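Okay, so here's the structure we're looking at.
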Amino acid sequence: MGYETYNPYTNAPPVAAKPPAGANPLHGFLPRKVTAEQVTRAMESDVNPFTRQPHSPQYKKILEGRKKLPVFGQMDEFLKMFTNNQIIVMVGETGSGKTTQIPQFVCYSDLPHTKGQMVACTQPRRVAAMSVAKRVADELDVSLGKEVGYSIRFEDMTEPGTTFMKYMTDGMLLREAMNDPDLKRYSTIILDEAHERTLATDILMGLLKDLAKRRSDLKIVVMSATLDAQKFQRYFSITGPSNPAPLFKVPGRTHPVEVFYTQEPEPDYVEAAIRTVLMIHRAEDPGDILLFLTGEEEIEDACRKIKLEADELTNQDPDIVGPLTCIPLYSSLPPQQQQRIFDQPPQPRVAGGPPGRKIVVSTNIAETSLTIDGIVYVVDPGFSKQKVYNPRIRVESLLVSPISKASAQQRAGRAGRTRPGKCFRLYTEKDFMSELEEQTHPEILRSNLANTVLELAKLGIQDLVHFDYVDAPAPETLMRALELLNYLAALDDEGQLTKLGSIMADFPLDPQMAKMLIVSPEFYCSHEILTIVAMLSVPNVWLRPPNQRKEADAAKALLTIPDGDHLTLMNVYNSYVNNKHDKNWCWNNYLSARALQQADNVRTQLQRTMERYEIDLVTTANEQKLWQNIRRTLVCGFFMQVAHKEGEKNGYLTVKDNQVVSLHPSCGLDTSPEWVIFNEFVLTTKPYIRTVTEVKPEWLLELAAPYFDLSTFTDGETKRALQRALKKRAYKTVDSGSASNGRNTPAAEQPAKKKKKATT
DNA sequence: ATAACGATG
């Protein structure tokens, strides 16, 4: 449909809004040899070059705004570099406009729509992918999901054949690479926020560096916010070791931030933070405060104290100190409460009195994920909780650690978004210079890599140890991952991906859980394992408000199945589904509606993957048999996470690793069984195992024979207990006259009575 | 006898 050009309410002649037929603003464009002058002219055209539709009235207005972005003035420089190089490293500071503009420049030069290809731009976070795609769709004057779209887990907002500019999460592109290692549908791939060094971005950098050799037609742009670009330049020097990838640099557009340090180190950073916040409130000009702390409990505690002391100040000096609101911010807060950070600061108590102030006390979520306008003061104690992985005992834990210089810089920058600001660092300048690391260690050095190694195997990477990592993980971490995958039969003894492993990799799950799902039909409980795996993939569903702990614990007790926490999780999900008509059910039972909804989404997605591989969705009618089948299936995935009761009461020793652990207080078992399987090993005040289910030693010997080969065990109580179980089992086998672990023996206690067909 | 920095599929 064309534009209506005749306006019946004026006498003016019809305006020729519709350009002459055949006009093509991209006429004369030579792919990848396009100049800034050509692009600018196409942008000024009345016709949208990509849809051939007339531009909407707001298009030009938005374009005027874009022209003021720092990156816009360097379009010519960028296009020349894009023409002449396969790989570009780009540094653009906050406010440069790189995330929205560079992908568009690339589209004008690359013309992906003329070759049935796309330009991809990856983001570490889902919300960023969505919101940037929306913005760019507006700027290009197209509707979101058509020419410009986004792709994130659970939501593909693209239209095959139409979409040529796609924003997506880095994890999503990695998933796509598993099924199309050459990523043929993309003409250019842009990795944004590469300095954040997420696991997915790190793996993608390795893949793309290699892919660039195979696909000379593929262009790559690596965008980063900090000045550590040299590392990327060197890494991507594919035309020879002395030829680093070229650097394209754009200045940011932010306000100056004055940084203050303490004279002496602060022994108690929370106390010092509270003192600093109150000092700012009393003595500094109006403007909101952002304080960085490390976790939920610390934040709630600090908010209470700040509120108390601030109220006292206001009461003492109502003419000088204005009112203050203190808002906590962390990821597990319900979205409604997170919205509070955008509230206006409180009004003065009396007209003309001292103005109010807002203070946000936040985790690292405010460092990258959430931007709060109006922040003028930042208080930075210099700590955050960070994931660390210990391959020796196979444990990931969270540790309060000093932040990096880059992180400190990012935090300070949060004070200068709307006007000049101040940042108070609660450490000395000397410590900043000499003690803080330049960059936060990339995630790949701090994680359990079982999942990543399986993904790499699926991506066809043969030699994981010599893969060209930007930063190579510890060999021991890779060995641990290979060992686990070999025991799970995802990799054979030569390290080759097995058929089973290939299917496992297609599930967005840890390998243990993927294995459980795949074998679950043999145990007639795939329906239930699907639920349990979904529940294990979402954050904790149990709520325990500090002033209602008793009530919350009582509600939990009603849903608990004493045979094991995994069965309890299943019970919770089933009850949730059965009570979906009751809007207050979650709230009344102290359960997180958000987490349960998420479990529902995950379950649906996993079910689709199961259907794709024709993995039957079956169940067992008899409840006791069903529960036992489920527990046996758990052993098939988590046989390397077993603990044996030893020593004083409630003391357990993990099998083979011999870690002393205790049942976590949240555990719902009514006894302390001799053998348990656990989902998580957490290191808090002491080592705990969390989400625990009782198992039988015979199952371990039967279902995970290679791992429970007793000749690989050191002498001790665990080995003796297993030897006893082995003897008992031998007698039983003789009695019943049948083999107990042959492949022909039914694995489950009882065949399925009813078979639920998978539905969409 | 106690708990989840932030993300991703």
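What you see below is based on every heavy atom in this structure, not just the backbone, and it leaves out hydrogens, waters and symmetry mates. This is a predicted model, so every value here is computed, not measured. Letters A, B, ... are given to chains in the order of the sequence lines, protein chains preceding strands, and every chain is numbered from 1.
As judged by a 4.0 angstrom heavy-atom cut-off over every strand, A:L398 is placed among the base-contacting residues. Nucleic acid contact for A:T294: sugar-phosphate only, since backbone atoms but no base atoms lie under 4.0 Å from a heavy atom of the residue. A:Q386 comes within contact range of no nucleotide atom at all, as no heavy-atom separation falls under 4.0 Å. Residue A:P124 is in sugar-phosphate contact alone, with no base atom involved, counting any heavy-atom pair closer than 4.0 Å across all strands shown. Residue A:E443 is classed as a base contact, given a heavy-atom separation below 4.0 Å to a base. Contact annotation for A:D170: no contact, since no heavy-atom pair falls under 4.0 Å across all strands. A:I152 comes within 4.0 angstrom of sugar-phosphate atoms only, judged by non-hydrogen atoms across all strands, and of no base.
Taking side-chain N and O atoms only, A:T169 has no distance below 4.0 Å to OP1 or OP2 of B:dT8. Contact annotation: A:R690 reaches the phosphate of B:dA4 (side-chain N/O to OP1 or OP2, under 4.0 Å). The shortest distance between the side-chain N/O atoms of A:R126 and the OP1/OP2 oxygens of B:dG9 is below 4.0 Å. Between A:S331 and the phosphate of B:dG6, there is a side-chain N or O to OP1/OP2 separation shorter than 4.0 Å. A close approach under 4.0 Å does occur between a side-chain nitrogen or oxygen of A:Y688 and OP1 or OP2 of B:dT2. Under 4.0 angstrom from either OP1 or OP2 of B:dG9 there lies no side-chain N or O belonging to A:S537.
Spacing between atom NZ of A:K556 and atom C1' of B:dA3 amounts to 10 Å, rounded to whole angstrom units. In this structure, A:R446 places its CZ atom 14 Å from P of B:dA7, rounding to the nearest Å. We find that CG of A:N179 is positioned 15 Å from P of B:dG9, with the value rounded to whole Å. Summarising the geometry, the separation between CD on A:E680 and P on B:dT2 is reported as 17 Å, rounded to the nearest angstrom. Rounded to whole angstrom, the span from the CD atom of A:E297 across to the P atom of B:dA4 amounts to 9 Å. The distance between atom CG of A:L456 and atom P of B:dG9, rounded to the nearest whole Å, is 18 Å. The CE-P distance, from A:M172 to B:dA7, rounds to 19 Å in whole Å. Here the P atom of nucleotide B:dT2 and the CG atom of A:D553 are 13 Å apart, to the nearest Å.
Looking only at atom types and distance, the side chain of A:D192 has a donor-acceptor partner in the side chain of A:Q123 under 3.5 Å away.
Around atom NZ of A:K405, more than 12 heavy atoms belonging to other residues, nucleotides or ligands sit under 6.0 Å away.
Each of A:Y427, A:F424, A:F383 was compared with A:Y269 under the ring pair (Phe, Tyr, Trp, His ring centres under 6.0 Å) criterion, and only A:F383 meets it.
Legend: salt bridge (Lys or Arg N to Asp or Glu O under 4.0 Å) pairs involving residues 590-601 of chain A, not counting sequence neighbours, sorted by first then second residue: A:K580-A:D600. Note on residues 553-571 of chain A: pairs passing side chain to side chain donor-acceptor pair (under 3.5 Å), not counting sequence neighbours, are A:R544-A:D553, A:H566-A:T693.
Not a single donor-acceptor contact under 3.5 angstrom links the side-chain atoms of A:R125 to the base of B:dT8.
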Please assess A:V361 against A:I289 for the test side-chain contact (heavy atoms from CB on, under 4.5 Å), listing each intermediate value before the final yes or no. CA-CA 8 Å; A:V361 185; A:I289 309 172; over 6 Å; no
